[in-house]
Amino acid sequence: QGAPSRGRRPSRTQPLSGTPQRRALEAMEAIPDAVEILGEDDAGAAEALAGFEGAVGDVDEEEVAQLEAQLAASPCADEDGGDEDAGEGVEPLDEALAASPADDEEEPDTDEEHLQGVEVEAHLKDAVEGSLRLKRLLSRDDDDDARGKPAAKKLKVDPEDAPRKARVRQLLLKWGLGGDLVSKHVLDTCNMEELETLHKSGYMPDLSGYHKTPAELLAKYCAEQRERKLPGGSACDSLSAFKFRWKLDLKLDKVLRALCHKDLRYILNNYDGAKAMEECVKEAAAEDGEFDNTTATAVPDGPGVQTLGRFNRLELIDPLADAAVFGDANLTFSIQLARHRKALGHVGRVVATTFEELPTLRERYAEVDESIKVLEEHFAEVYHGVDCTRIAIDPRFKGMEGKLGAVYYNFPHSGA
């Protein structure tokens, strides 16, 4: 344990352990405290004193008296004593304690040594090992912090991001928008190439605009710059984007648009520019196109561009469900719907209905028979004399519950 601190008496709340002599001194010093707490007349005082005497045991009284004399001669015995020659009075006591055999073993240093010989249930072993592992990691981090080392985890700063931030600050100060956080956010979304384009173009947002703020004008300009790098034209399908990426000519574009779904998908997924496009087309034709219950292998012989567009489109209406039109008059709306669903690749049928009977429609619309023929060519069904408020009891709609993905109600007109 070493010598006690200079100028202070050993604390009674921290018992000395290791040799019988030290335990005896501890027990004797605790007797006055017990008497003071219990009281001299207290019946429990005698029992407490007897317990302390038992703690002393068979220790030699002469040896105890010798240790007391050494403690009394030490300057540490006086609570108000100075620091002069404090070590001289402690050395004999340290020598006496060192000469006596140690009864207690050294305390284990690690948690594993603490757990040696301790039986842990099988279902708790993993939890105990995980707790010890976490404790070691935390203590390792504490040691690193105490030694002044940097923490194990820190925010990683990209060295290439510093020039971009500098360019953003430069543009904001150039435009007089140093305090505009929205404009700063717009510039933060731009890459270094776009920022350089802004810097060289001499563009400056209108600071006195009435309808739009400088940040809105800046965001619009940046979006237009990005659009200029995209393929030209209004509509852009999968093949147009592929052509723009690999800089293909019109001849190859025509060849690819004539491919089926299986071949075109194979080229889009496997072409890397290393081979000639003609070789990739031959490999795609030789590729086996077995259906494996996935959309990628569905409709392998369908038109390539159209089928891919069908898969890439966000469908708000179930393409497999039927669609019904109520209240149509000359059936032109139903014809347009049938053509539109066919172009989208919807396979559900169109059920076209009219409120009037067929003779009445023929009197009002001379083209109604031709419209019915066009609908039948698109595999649509045409019903006349249908009241949309009574379709629940109409036998023609029996069994169609839950099969309609879209229902269109045409508002009645005034007859004009």
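All values below come from the heavy atoms of this structure, side chains included, with hydrogens, waters and symmetry mates left out. The model shown is predicted, which means the values in this text are computed figures rather than measured ones. When a residue number appears, it is its place in the shown sequence, counting from 1.
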Side-chain ([X]) to main-chain ([Y]) donor-acceptor, under 3.5 angstrom:
{"X": "Gln306", "Y": "Pro303", "result": "no"}
{"X": "Ser201", "Y": "Leu198", "result": "yes"}
{"X": "Ser334", "Y": "Leu331", "result": "no"}

> For His340 and His346, what are the C-alpha separation, side-chain angles and deciding distance, and is it a side-chain contact (heavy atoms from CB on, under 4.5 Å)?
Replying inline: CA-CA 9 Å; His340 180 67; His346 290 201; over 6 Å; no
Decide, yes or no, whether a salt bridge links [X] with [Y] under the criterion of side-chain N to carboxylate O below 4.0 Å.
{"X": "Glu193", "Y": "Lys229", "answer": "yes"}
{"X": "Arg257", "Y": "Asp237", "answer": "yes"}
{"X": "Asp322", "Y": "Lys403", "answer": "no"}
{"X": "Asp301", "Y": "Lys262", "answer": "no"}
{"X": "Asp188", "Y": "Lys184", "answer": "yes"}
{"X": "Glu381", "Y": "Arg396", "answer": "no"}
{"X": "Arg390", "Y": "Asp394", "answer": "no"}

Say you draw a straight line from [atom1] of [X] to [atom2] of [Y]; how long is it, rounded to the nearest 0.5 Å?
{"X": "Arg265", "Y": "Leu268", "atom1": "CZ", "atom2": "CG", "result": "8.0 Å"}
{"X": "Phe355", "Y": "His384", "atom1": "CZ", "atom2": "NE2", "result": "14.0 Å"}
{"X": "Asn270", "Y": "Asp272", "atom1": "CG", "atom2": "CG", "result": "8.5 Å"}

List the atom of [X], the atom of [Y], and the distance in Å for their closest heavy-atom pair.
{"X": "Ala352", "Y": "Leu375", "result": "CB-CD1, 4.0 Å"}
{"X": "Asp249", "Y": "Lys243", "result": "O-CE, 4.2 Å"}
{"X": "Thr307", "Y": "Gly302", "result": "OG1-C, 3.7 Å"}

> Given the rule in the side-chain contact (heavy atoms from CB on, under 4.5 Å) test, do Leu256 and Leu248 qualify, once you have shown the distances and angles that lead to the verdict?
Replying inline: CA-CA 10 Å; Leu256 294 178; Leu248 304 179; 3.9 Å; yes
>> side-chain hydrogen bond (donor to acceptor under 3.5 Å, both in side chains) for Asp328 and Thr354? Distances and angles first, verdict last.
In response: CA-CA 5 Å; Asp328 204 348; Thr354 61; over 6 Å; no
> Is the cationic atom of Lys275 (NZ for Lys, CZ for Arg) positioned less than 6.0 Å from the six-membered ring centroid of Tyr271 and within 45 degrees of its normal?
Replying inline: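 No, Lys275 does not lie over the aromatic ring of Tyr271.
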>> Pair Asp369, Lys373 - check salt bridge (charged side-chain N to carboxylate O under 4.0 Å, His left out), show working.
In response: CA-CA 6 Å; Asp369 291 329; Lys373 183 179 179 181; over 6 Å; no
>> Please evaluate residues Val305 and Leu239 with respect to the criterion side-chain contact (heavy atoms from CB on, under 4.5 Å), reporting the C-alpha separation (whole Å), side-chain torsions for both, the decisive distance (0.1 Å), and the verdict.
In response: CA-CA 7 Å; Val305 178; Leu239 186 55; 3.9 Å; yes
> Would you call the rings of Phe326 and Phe397 parallel, tilted or perpendicular, where under 30° means parallel and over 60° means perpendicular?
Replying inline: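 Rings of Phe326 and Phe397: tilted, as their planes differ by 30° to 60°.
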> Hey, mind stepping through Leu195 and Leu187 against side-chain contact (heavy atoms from CB on, under 4.5 Å) and telling me if it holds?
Replying inline: CA-CA 8 Å; Leu195 293 176; Leu187 293 180; 4.1 Å; yes
> Do Tyr203 and Leu217 touch side chain to side chain, with heavy atoms closer than 4.5 Å?
Replying inline: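 The answer is yes; the side chains approach within 4.5 Å.
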